[in-house]
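Lettering of chains follows the sequences in order, A, B, ..., and the numbering in each one begins at 1.
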Number of protein chains: 2
Amino acid sequence: MAGTRQLDYAGLLAEHGLRPTRQRVSVLVALASRDDATAQQIHALLADDGVRVGLATVYRTLAWLAEHGIVDTLMHHRGEVCYRLCGEGHHHHLVCSGCHRVVELGDCELDPWLADLTAEHGFTLEAHTVEVTGLCSACQAVGTAA
Amino acid sequence: MAGTRQLDYAGLLAEHGLRPTRQRVSVLVALASRDDATAQQIHALLADDGVRVGLATVYRTLAWLAEHGIVDTLMHHRGEVCYRLCGEGHHHHLVCSGCHRVVELGDCELDPWLADLTAEHGFTLEAHTVEVTGLCSACQAVGTAA
DNA sequence: TTTAGTGCAAAAGTTTTGCATGGTC
DNA sequence: GACCATGCAAAACTTTTGCACTAAA
């Protein structure tokens, strides 16, 4: 299972003109094993698995991945950036505040509303970000039971 | 004008059980004079005006203000936090990418849409953030003229 | 062999904290 | 006078950068 994924990642990197090194594939594998993670967390995660990768390399790899649109960046906390492996296209996220599970929402249906809104104030629409947090069914059940 | 505002701010601080010191009022005045600013920018702004306030005090004051809901925090850039003086209640912002002017949008009309969306995935809605960027009419005119 | 990537360590940047001093109630 | 707040400096923290070394094309 891990083998096939690593091949995918190698191909993904090669497609973008990046050499599929052991370190870069490791970062992608680590990122895929979590909903999201900071550079520090990925570095620690790899170290725990006995994979030795320099912290600077993790940062450089994540910067590359973000630049190529392979990962999204989020800034929830102060002074640290969270990275998330994402699908293609414009979409938003629904995050569970209990278990931090992330649901990718399909198409963005906000454009008409946003177009009206911006036009009302004489603006032309450029971009928007939406983050929705809630409690998933599993976490609701736990909360009710407890 | 500045006098009346400072009185307002002093009252605002007192309401929340904070001593209305010169430094705290200065931070609020500086924040009000801009659409948004980082702690570093506020510190520099005050220094330029000859108001001597320690950087740590600016950070401490902004942390208090954020905790009491008097200012909103935004994290656009890496490693620095932006603070913005806001009105009451739940609302969103429309930011001009040209002049950084901020329009506060009134009521949030997203709740029905969000309720459907979260229910669809078995979530209960807790919170959401929306940031819209565009180009305001003035900046559109400049762009067209240039 | 030529180029790109890595690791290490130092640097840069923002933010936090400890403690003595000063201001406010 | 008691307590809160400030200022300064040092520390903590994440992230970036320089450079010699290693691995890949």
Side-chain angles (χ1 to χ4, degrees), chain A residues 6-7 9-31 36-47 49-68 70-71 73-83, chain B residues 6-7 9-31 36-47 49-68 70-71 73-83:
Chain A
Q6 292 196 15
L7 288 178
Y9 292 141
L12 186 65
L13 291 165
E15 277 173 33
H16 289 268
L18 294 174
R19 292 186 185 170
T21 63
R22 170 182 66 83
Q23 289 88 339
R24 286 176 178 158
V25 173
S26 296
V27 169
L28 278 166
V29 170
L31 206 45
D36 51 35
T38 66
Q40 302 278 352
Q41 288 171 337
I42 289 173
H43 182 249
L45 208 62
L46 292 174
D49 284 355
V51 181
R52 297 194 49 70
V53 178
L55 184 56
T57 299
V58 175
Y59 276 105
R60 279 188 281 237
T61 300
L62 288 170
W64 268 108
L65 293 171
E67 198 173 313
H68 288 252
I70 298 173
V71 300
T73 64
L74 306 170
M75 280 173 282
H76 288 152
H77 312 79
R78 124 153 353 160
E80 54 178 29
V81 184
C82 222
Y83 294 88
Chain B
Q6 292 195 16
L7 288 179
Y9 292 141
L12 187 65
L13 291 165
E15 278 173 32
H16 290 266
L18 294 174
R19 292 187 184 169
T21 61
R22 171 183 66 81
Q23 289 88 339
R24 286 178 179 157
V25 173
S26 296
V27 168
L28 278 165
V29 170
L31 205 45
D36 52 36
T38 66
Q40 302 277 353
Q41 288 171 337
I42 289 173
H43 182 249
L45 208 63
L46 292 174
D49 284 355
V51 181
R52 297 194 50 70
V53 178
L55 184 56
T57 299
V58 175
Y59 276 105
R60 279 189 279 237
T61 300
L62 288 170
W64 269 107
L65 293 171
E67 198 173 313
H68 287 252
I70 299 172
V71 300
T73 64
L74 306 169
M75 280 174 280
H76 288 151
H77 311 80
R78 128 153 349 168
E80 54 177 29
V81 184
C82 223
Y83 294 89

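- Remark: C1' of dA25(D) and CZ of R24(A) are 13 Å apart, rounded to the nearest angstrom.
- Among the protein residues, R60(A) comes within range of the nucleic acid bases, having at least one heavy atom under 4.0 Å from a base atom.
- Between S26(A) and the choices L46(A), T21(A), V58(A), the side chain to side chain contact (heavy atoms under 4.5 Å, CB included) rule is met once, by L46(A).
- Judged by distance alone, with hydrogens and angles left aside, the side-chain atoms of R24(A) form a donor-acceptor pair with the main-chain N or O of R19(A) at under 3.5 Å.
- For the pair R19(A) and dA25(D), the criterion of a side-chain N or O lying under 4.0 Å from OP1 or OP2 is not met.
- When the C1' atom of dG5(C) is taken as reference, atom CG of L65(A) falls 14 Å away, rounded to whole Å.
- The interatomic distance linking L62(B) (CG) with dT6(D) (P) rounds to 12 Å, in whole Å.
- In this model, the phosphate group of dT6(C) is approached by a side-chain N or O of T21(A) to a distance below 4.0 Å at OP1 or OP2.
- Closest approach of L74(B) to V81(B), counting heavy atoms only: O-CG1, 3.5 Å.
- Dashed line: the shortest gap from a side-chain N or O of Q23(B) to OP1 or OP2 of dG23(C) is not under 4.0 Å.
- With hydrogens and angles ignored, the 3.5 Å screen pairs no side-chain donor or acceptor of T57(B) with any backbone N or O of V53(B).
- Toward the 5′ end of DNA chain C lies the nearest nucleotide of Q40(B), the other residue of the pair P20(B) and Q40(B) mapping further downstream.
- Separating the NE2 atom of H43(A) from the P atom of dT16(D) is a distance of 15 Å, rounded to the nearest angstrom.
- For the side chain to side chain donor-acceptor pair (under 3.5 Å) test, residues two or more places apart in sequence or in another chain that qualify with Q40(B) are Y59(B).
- Within residues 52-59 of chain B, the residues having any heavy atom under 4.0 Å from DNA chain C are, by residue number, L55(B), A56(B), Y59(B).
- Spacing between atom CD1 of I42(B) and atom C1' of dT14(C) amounts to 14 Å, rounded to whole angstrom units.
- One interatomic measurement links the two molecules: CG of L18(A) to P of dT3(C), which rounds to 18 Å at whole-angstrom precision.
- At most 12 non-hydrogen atoms from other residues, nucleotides or ligands lie less than 6.0 angstrom from CZ of R52(A).
- If you measure from atom NE2 of H16(B) to atom C1' of dC4(D), you get 19 Å, rounded to the nearest angstrom.
- Counting to the nearest Å, the C1' atom of dA5(D) and the CG atom of L13(B) are 13 Å from each other.
- At least one donor-acceptor pair closer than 3.5 Å links the side chain of Q41(B) to the backbone N or O of T38(B).
- A sub-4.0 Å separation between OP1 or OP2 of dT6(C) and a side-chain N or O of R22(A) is absent.
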